[in-house]
Structure formats: structure tokens, C-alpha cells
S.K.: 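There's a structure below that I have some questions on.
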Amino acid sequence: MHGGRDVANDASTVFDVVILGGGSGGYAAALRGAQLGLSVALVEKGELGGTCLHRGCIPTKALLHAAEIADETKEAAEFGVLATFQGIDINGVHKYKDDVVAGLYKGLQGLVASRKVTFVQGEGKLSSPTSVDVNGQRIEGRHIILATGSVPRSIPGLEIDGNRVISSDHALKLDRIPKSAVILGGGVIGVEFASVWKSFGVDVTIVEALPHLVPLEDENSSKLLERAFRKRGIKFELKARFSGVEYTETGVRVSTENGKQIDADLLLVAIGRGPVSAGLGYEENGVAMDRGYVLVDEYMRTNVPTVSAVGDLAPTLQLAHVGFAEGILVAERLAGLKPVPIDYDGVPRVTYSNPEVASVGISEAKAVELYGKEKVVTVKYNLAGNGKSKILKTAGEIKLVQVKDGAVVGVHMVGARMGEQVGEAQLIYNWEALPAEVAQLIHAHPTQSEALGEAHLALAGKPLHAHD
Ligand SMILES: Cc1cc2nc3c(=O)[nH]c(=O)nc-3n(C[C@H](O)[C@H](O)[C@H](O)COP(=O)(O)OP(=O)(O)OC[C@H]3O[C@@H](n4cnc5c(N)ncnc54)[C@H](O)[C@@H]3O)c2cc1C
């Protein structure tokens, strides 16, 4: 334990807030709560920072960056640079990734200590609507925030052995580069690993039950990603339901219901993540749940007045920045501020593959459903017309969805580095900008942000560098 009071020696302590789980949602609530003067205890059984820092966002993005360097080395001659790609030193990659994580971990530990948050290391359990038991001790709080997050999910009968059939947790620590891999699930995690592994020389096949990769994105983005992946030699089977896996002499044989069989060194199961809530006393204390998720209202309140839940444990978008926002919202509410509920459509979403897929707002299909076909206007701006994208030799598009004569309600982007453009896109969506207003703003030349400007110029009826 570090920071704040020593609960072990102070049984009378009643904290303003006790938080169970120190991942993105939990630690954000702790930091904001402490900032607002609340006394906070943060209980964590593993490492402060949770999935995102240790097994999610940060290590995967480090791998993706190493993959980008590998690709750039292989393609260096296209830019007139003489370089030879000799291969991947997987230990070196892990060292780089682990150093990034370790640095951020240290910084976060320091931050939590400096805000006088009482950090309690241990596995906790909700013992009453106002207490958590940990290390044989009861920690009382006027309010409890449940933030125990999520873990990789599998399907019945598919056992993850950590060797030939692995989850993302194992994939991040893999001490070898397989020759081939099947990835079950074409969502964000599956697509990001496919991208990394292909750059590292792995023969990759994605098996996805739905009709498209990244199926939560606008269909246009999915199609552009599929085209780019096809070009990169990343194979994928769509509308293919997994039916079984068997061990072969050297690896696995994955079968699908439509009769396909794919042999590979290993199978990565990336079909989603399930909430961590079993056996933690939630139901026993009357907290309403649905399939393991803790049910919350728009202020992240559960049905038990002294208990809130944030992050992946709640059935909202499973993203670190959503966890941060939900944690901050609860802390501010408990401190007596009046935070506004989160507009989940306004949350930026990025898949950091090569190419990147980034979006905010709603898809064209959803806009048509909400406003009717005749009220929805779209425009697509091809990155071929964007100088900086040309310099980077990236292909892709920015698609805007607008309600006729109204605001832009969806921005959908595919291309290298498009994740960095989502900051402006989210301001456009969340400030309900009109195309003409954005068209008025000057974008620096040559940047990829110009493509966003150009798309809005086109939507405002005055395209500049757009080809019909
Ligand atoms: C491979 C991968 C890549 C990802 N990439 C991104 C990305 O690029 N961007 C993004 O926004 N999101 C990404 N995510 C999602 C992101 O990691 C999660 O949305 C985020 O970590 C959720 O935060 P959380 O606080 O709800 O849960 P978690 O981060 O899972 O934290 C929960 C914490 O609670 C602790 N805990 C659980 N039970 C107990 C208990 N009984 N007692 C004490 N402590 C307990 C756990 O040890 C854990 O530290 C990725 C996830 C994965 C798996």
C-alpha cells in the first residue's frame, strides 16, 4: 500500500469512495475524486493501470509501431532509401514494448500516490453496499465504485491453452513468431494482431462470422480495410462461423461451419471480452446484472444507491477513454458537481491497424434508420487527392455523414495515421458543426487534416482538390 492513510492500522476510516479495480475506469475515478477533495481507497489485485496499460492499448500499439517500422524498412527503396530488412528480433520488440509500459506504469503509480489516494493491493469483494473486503480486512466507504473490468472471452468447447490456442494476453507475450496463424474474430483486437503479425512475416487468416471486418464501423470503412488487407496478403473468411479446432502434429486445424479447414501454427481467439464479476459479491448485495455486466443508468449508477460501476464491467463501449470518462463522471457526481451524461456516439473509435480505421458519430446506415434516407447526405473524400497522404503512399477515404441542411453526424476515416485525425473529427461531431462552418476553417498544408477540411468543403458545395 502507498499514499494516503494506512487502512490496516485505522479500522475506523470511512472513505468517501472505495473503488474496486485499478484499471482505466477505476484509477480515473480515484484521481478525479482525490482532485475534488474526496478521500479515496483504490483496491487492485494485479497491477495499477489494468488491461489497457499492461495487456491492451499500450502494448498493442507498441507492437503496431514496431510493425510499422518493419514495413517501412521493407518499403524503404520506394522512397529512395537503402535499407535491408533482416527480420524481427522478438525479444527486442518485447523489450521496447515492456519499457514503454514500465515507464507509464511508474508514472501512474507516482500520480496515484501524489494525489493521496490510498492504494490497497489485494483481491477485493463487495461485502455490503458500503464496504469492500480485502486481505481479511473491511474497507468502508460512503460510496463504492465497481471497476473490475473484463477478460478475454472464449466460446463453449474452445479451450484456450495458452500455447497453440491463445488469447490476446498470450499473444502479447509470445516468445516466437509463428509461421502462420488463424485469428478468430475480425473486430478491433483481431484486426490489430493480424496487422502486426503480417508485418512480422506471419501468414494470417482471420475468421469472422459477420459479413465484414470491423463490423461495428460504417460499411464503407470495413470494405476499404478489407481491400487494403487483401493487398497486404492478409487473408480473411467472412460469414464463416467457427465450428471447431483440433491439434495437428505441429499446430492447429481450424474448421468453419461452411466446411473450410485452415491449418496454422496457432489460433488466436479474439471474439471479445467478458466482464469480471463472478463471485465478487455483486449479486449477493442486490446489484442488478445482465450476463455478468453490471447495469447502470446514464450517470453510471446501479440500482443500489451507494454503488456505481464504470468501464468494461458496464455494458457500454469497451474502450479505455470511455472508462476514463465514466470514472470522471462518477467522481464528479459524488463530489457534488453536475456532470452531463456521456454521448456514446460522440466517443472516438480507432483501430490502429495498417491502415488505421477511425470514426466518430454514427454510420450512414444508422443515420438512415434515424432520419430517413432522403434526409441523409454523404460525401467521400479520397486520400489520393491529399498531398501528405500521397507523400506517405497511403490510400483511403474520409466519409462524412450529414443530416440534410444540418450537422455532421458521422466521420469515418481509413488510411495511415487517420487515428490522429479523430481529434478534430470528434470536435466536429460533438460541437454539432455545420459543414460550412468547418469549411471556413483553414487547415495547414500539406497535412492529412486537410483531407477533413476538403471533405467538408465538398459537403458545403465548394470542393477544392476533389475529383468527381
Ligand atoms: C488487446 C487489447 C487492446 C486494446 N486496445 C485499446 C485501445 O487501443 N484503445 C482503447 O481505448 N481501449 C483498448 N482496449 C480496451 C481497454 O483496455 C479497456 O476498455 C480498458 O482497460 C477497460 O478499463 P477498466 O478499468 O474497465 O478495466 P480493466 O482495465 O480490465 O481493469 C480492471 C482492473 O480490476 C482489477 N480487478 C478485477 N477484479 C478485482 C478484484 N476482485 N479485486 C481487485 N482488483 C480487481 C484487475 O486486476 C484490473 O486491473 C484494448 C483491450 C485489449 C484487450
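Counting convention: from 1, in listed order, for ligands and their atoms alike.
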S.K.: Look at the aromatic rings of Tyr96 and His65 and report parallel, tilted or perpendicular, splitting at 30° and 60°.
M.R.: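 Tyr96 vs His65 ring planes: tilted.
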S.K.: Hey, what polar pairs (N/O, under 3.5 Å) does ligand 1 make with protein?
M.R.:
residue: ligand 1; atom: 5 (N); partner: Cys57; partner atom: N; Å: 3.4
residue: ligand 1; atom: 5 (N); partner: Lys61; partner atom: NZ; Å: 3.3
residue: ligand 1; atom: 8 (O); partner: Lys61; partner atom: NZ; Å: 2.7
residue: ligand 1; atom: 11 (O); partner: Ala320; partner atom: N; Å: 2.8
residue: ligand 1; atom: 11 (O); partner: His321; partner atom: ND1; Å: 3.2
residue: ligand 1; atom: 12 (N); partner: Ala320; partner atom: N; Å: 3.3
residue: ligand 1; atom: 17 (O); partner: Cys52; partner atom: N; Å: 3.4
residue: ligand 1; atom: 19 (O); partner: Asp312; partner atom: OD1; Å: 2.8
residue: ligand 1; atom: 19 (O); partner: Asp312; partner atom: OD2; Å: 3.3
residue: ligand 1; atom: 19 (O); partner: Leu319; partner atom: N; Å: 3.3
residue: ligand 1; atom: 19 (O); partner: Ala320; partner atom: N; Å: 3.4
residue: ligand 1; atom: 21 (O); partner: Cys52; partner atom: N; Å: 3.2
residue: ligand 1; atom: 25 (O); partner: Ser24; partner atom: N; Å: 3.1
residue: ligand 1; atom: 25 (O); partner: Gly25; partner atom: N; Å: 2.9
residue: ligand 1; atom: 26 (O); partner: Asp312; partner atom: N; Å: 2.7
residue: ligand 1; atom: 29 (O); partner: Thr51; partner atom: N; Å: 2.9
residue: ligand 1; atom: 29 (O); partner: Thr51; partner atom: OG1; Å: 3.4
residue: ligand 1; atom: 30 (O); partner: Thr51; partner atom: OG1; Å: 2.6
residue: ligand 1; atom: 41 (N); partner: Gly124; partner atom: O; Å: 2.9
residue: ligand 1; atom: 42 (N); partner: Gly124; partner atom: N; Å: 2.9
residue: ligand 1; atom: 44 (N); partner: Lys45; partner atom: N; Å: 3.0
residue: ligand 1; atom: 47 (O); partner: Glu44; partner atom: OE2; Å: 2.6
residue: ligand 1; atom: 49 (O); partner: Glu44; partner atom: OE1; Å: 2.7
residue: ligand 1; atom: 49 (O); partner: Glu44; partner atom: OE2; Å: 3.0

S.K.: Do Lys366 and Asp218 meet the salt-bridge criterion of a basic N to acidic O distance under 4.0 Å?
M.R.: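 Looking at Asp218 and Lys366, the cut-off is not met.
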S.K.: Among residues at least two apart in sequence or on other chains, which ones pass ring-ring contact (aromatic ring centres under 6.0 Å, His included) with His143?
M.R.: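 Listed in chain order: nothing, the list is empty.
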S.K.: Would Val207 and Lys260 satisfy side chain to side chain contact (heavy atoms under 4.5 Å, CB included), going step by step from the backbone distance to the final call?
M.R.: CA-CA 10 Å; Val207 173; Lys260 288 249 161 61; over 6 Å; no
S.K.: What pairs with Phe236 under ring-ring contact (aromatic ring centres under 6.0 Å, His included), at least two apart in sequence or on another chain?
M.R.: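 Scan of Phe236 (ring-ring contact (aromatic ring centres under 6.0 Å, His included), adjacent residues dropped) gives none.
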S.K.: With a cut-off of 3.5 Å and sequence neighbours excluded, list every side-chain donor-acceptor pair involving residues 189-199.
M.R.:
residue: Glu192; atom: OE1; partner: Lys61; partner atom: NZ; Å: 2.8
residue: Glu192; atom: OE2; partner: Lys61; partner atom: NZ; Å: 3.4
residue: Glu192; atom: OE2; partner: Tyr352; partner atom: N; Å: 2.8
residue: Ser195; atom: OG; partner: Arg232; partner atom: NH1; Å: 2.9
residue: Ser195; atom: OG; partner: Asn354; partner atom: N; Å: 2.9
residue: Lys198; atom: NZ; partner: Gly233; partner atom: O; Å: 3.4
residue: Ser199; atom: OG; partner: Asp71; partner atom: OD1; Å: 3.3
residue: Ser199; atom: OG; partner: Asp71; partner atom: OD2; Å: 2.8
residue: Ser199; atom: OG; partner: Ser195; partner atom: O; Å: 3.1
residue: Ser199; atom: OG; partner: Arg232; partner atom: NH2; Å: 2.8

